[in-house]
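Reviewing the structure listed below.
In the text below, chain A, chain B and the rest are named by the order of the sequence lines, each starting its count at 1.
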2 protein chains.
Amino acid sequence: MSSMTIEEVSTAPRMRAADRRELILEAATAVFGAKTYVGTTTDEVARAAGVSQPYVVRLFGTKEKLFISVIERAYGRLLDEFRRALPGDAEGRSERMGTAYTGLLVERGMLSVIANSTALGGEPEIGRVARAGFSEIWRFVREDAGFSAEETRAFMAQGMLINTIVGLRLTGDYGTETAATEVLDTCFVDSVEKARNLMPEAGEPW
Amino acid sequence: MSSMTIEEVSTAPRMRAADRRELILEAATAVFGAKTYVGTTTDEVARAAGVSQPYVVRLFGTKEKLFISVIERAYGRLLDEFRRALPGDAEGRSERMGTAYTGLLVERGMLSVIANSTALGGEPEIGRVARAGFSEIWRFVREDAGFSAEETRAFMAQGMLINTIVGLRLTGDYGTETAATEVLDTCFVDSVEKARNLMPEAGEPW
DNA sequence: TCTGCAAGTAATCATCCGATTACAACTCAG
DNA sequence: CTGAGTTGTAATCGGATGATTACTTGCAGA
């Protein structure tokens with residue numbers, strides 16, 4: 001009674017669990033994308049989402065289940081964007097889908113999470129989900145977009161090269177290093193600047 | 001004196017440090033390749049190499065420095081193989097180099113380690129080495145092998161797709177799943193069986 | 001032969017991290 | 001208005017892991 005203690009806002013503002021889940025998934029995508037699955041702690045995800053670490057674990061069960069939700073959501077978003085890129089002349093389809101892919105860079109960690117998932121085939125649970133995601137994309141490109149097998153191979157390969165550019169943080173070397181300059185120039189013919197602005201820099205995570 | 005205790009061979013057979021280093025690098029490549037950089041413990045590497053964990057740390061300083069040695073060695077081996085694939089008619093060069101790349105699968109973890117390194121551009125030290133490795137390969141393909149920029153892009157992209165096939169453990173789904181079957185058929189036209197035999201299976205690491 | 005360095009280990013430490021438990025506060029149906 | 005379910009946190013635990021320390025053993029050259 002003698003002293004009035006300041007009421008600290010120690011808890012996050014109330015929110016329905018479904019909304020909180022989505023918010024955590026968004027934050028988790030950014031953190032997992034920047035630091036890989038194994039390299040990320042549930043506490044970092046929690047802090048990025050503005051909640052406590054135990055709450056993240058309780059909402060998703062385990063870190064592994066959280067990551068599975070993250071990559072399922074990422075492949076889902078990718079399919080959404082590809083679907084939106086379908087309408088229009090068939091010749092421009094590949095380019096529109098490529099633009100849709102790099103456009104996902106604005107959603108932090110989205111591409112990196114997909115790239116990371118393709119390295120985790122050895123993990124029993126995560127591997128199954130990652131293979132399913134890859135297969136679904138392949139099937140979409142092949143059937144819904146109507147690419148030939150060879151066209152699909154080339155398209156997917158190009159996507160994996162873009163993942164590498166992002167993962168390696170090659171944009172920082174553009175202009176000063178030959179390989180980085182050329183790979184960016186050939187991958188993003190006349191949209192290099194736009195692509196560079198969307199990508200993470202070399203100085204650490206994202 | 002009353003009891004004769006069995007002399008346990010508790011220490012590894014003596015070896016010169018340089019040889020031991022190479023032996024550890026080989027084991028580390030396999031383990032890092034199977035479980036990623038962050039997911040691997042120095043103790044696992046030590047056991048795979050048949051030495052104690054502290055000795056691994058002492059020989060390389062830190063886990064990070066060990067991994068850097070591993071990826072430098074991997075890019076070096078890759079360049080060796082590419083060099084050996086150069087001689088001969090120019091039209092077959094791309095195919096010979098592709099074969100050289102998949103041939104590296106026999107050296108456990110080699111390709112996976114390279115793939116993993118391309119996701120670690122955010123790590124200050126490792127990122128620098130990984131970017132240098134990528135640049136060196138690009139430069140070789142471009143200058144020594146004489147590919148055009150566009151040919152180089154396509155060649156590298158194809159390599160990244162192969163990394164994905166390995167990382168996802170797609171070979172296990174060959175024949176039962178359409179996407180896996182098609183991607184393997186298009187990537188390894190008439191050498192699918194050979195490639196499958198070299199690749200890790202889905203059931204965990206390698 | 002002996003001695004000094006190189007090769008190697010056992011034991012241990014401090015830290016980190018995912019998970020569990022127990023509790024607090026908000027909200028809304030009856 | 002109340003009480004029960006939902007949203008959320010603080011505290012803490014046990015196991016793992018990278019690194020350090022202190023020690024042992026083998027070997028080659030003076």
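The pair B:Glu193-B:Arg196 meets the salt-bridge criterion, since a charged nitrogen lies less than 4.0 angstrom from a carboxylate oxygen.
At its two ends the helix from C:dT1-D:dA30 to C:dG30-D:dC1 runs along axes set 0° apart, each axis drawn from five pairs and the angle rounded to 10°.
Side chains of B:Glu177 and A:Ser135: a donor-acceptor N/O pair is present below 3.5 angstrom, by distance only. Between the side chains of A:Gln53 and A:Thr42, at least one donor N or O lies within less than 3.5 Å of an accepting N or O. Judged purely by distance below 3.5 Å, without hydrogens or angles, the side chains of A:Thr36 and B:Tyr37 never pair a donor atom with an acceptor atom. Residues B:Asn163 and B:Tyr101 have side chains that bring a donor and an acceptor to within less than 3.5 angstrom of each other.
Regarding A:Lys35, its NZ atom lies at a distance of 16 Å from the C1' atom of C:dG18, rounded to whole Å. One atom, CZ of A:Phe32, and another, P of C:dC17, lie 13 Å apart when rounded to the nearest Å. In this structure, A:Gln53 atom CD and C:dC16 atom C1' are separated by 11 Å, rounded to whole Å. Between B:Arg14 atom CZ and C:dG8 atom P the separation is 6 Å, expressed in whole Å. If you take CE of A:Met15 and C1' of C:dT27, they are 15 Å apart, rounded to a whole angstrom. The distance from atom CG of A:Leu59 to atom C1' of D:dG8 is 9 Å, rounded to the nearest whole Å. Atom C1' of nucleotide D:dA16 and atom CZ of B:Arg47 are separated by 12 Å, given to the nearest angstrom. For the pair A:Ile24 CD1 and D:dT7 P, the computed distance is 12 Å after rounding to whole Å.
Atom CZ of A:Arg153 sits about 10.5 Å away from atom CD of A:Gln158, to the nearest 0.5 Å.
For the segment residues 60-70 of chain A, the set of residues with a heavy atom within less than 4.0 Å of an atom of DNA chain D is empty. Within residues 38-45 of chain B, the residues that place at least one heavy atom under 4.0 Å from DNA chain D are, in residue-number order, B:Thr40, B:Thr41, B:Thr42.
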Quick one, A:Asp144 with A:Arg139, criterion salt bridge (charged side-chain N to carboxylate O under 4.0 Å, His left out). Give me CA distance, side-chain angles, the key distance, then yes/no. CA-CA 8 Å; A:Asp144 298 0; A:Arg139 192 211 56 76; 3.4 Å; yes
Derivation and outcome, salt bridge (charged side-chain N to carboxylate O under 4.0 Å, His left out), residues A:Glu44 and A:Arg47: CA-CA 5 Å; A:Glu44 289 169 315; A:Arg47 266 200 281 250; over 6 Å; no
Could you walk me through whether A:Glu22 and A:Arg73 pass the salt bridge (charged side-chain N to carboxylate O under 4.0 Å, His left out) test, one step at a time? CA-CA 10 Å; A:Glu22 177 58 24; A:Arg73 178 171 170 277; 2.9 Å; yes
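Ring pair B:Phe155/B:Phe82: centre-to-centre distance below 6.0 Å.
Of the side-chain N and O atoms in A:Tyr55, one or more sit less than 4.0 angstrom from OP1 or OP2 of D:dG8. Checking the phosphate oxygens (OP1, OP2) of D:dG8, a side-chain nitrogen or oxygen of A:Arg20 falls inside 4.0 Å.
Among C:dT9, D:dG8, C:dT20, the nucleotide with an atom closest to any side-chain atom of A:Pro54 is C:dT20.
Contact check for A:Cys187 versus A:Ile165: side-chain heavy atoms found under the 4.5 Å cut-off.
When heavy atoms are screened at a 4.0 angstrom cut-off, B:Arg58 is found touching base atoms of the nucleic acid.
Using the six-membered ring where Trp is involved, A:Phe67 and A:Phe32 have ring planes that are perpendicular, over 60° apart on the 30 and 60° scheme.
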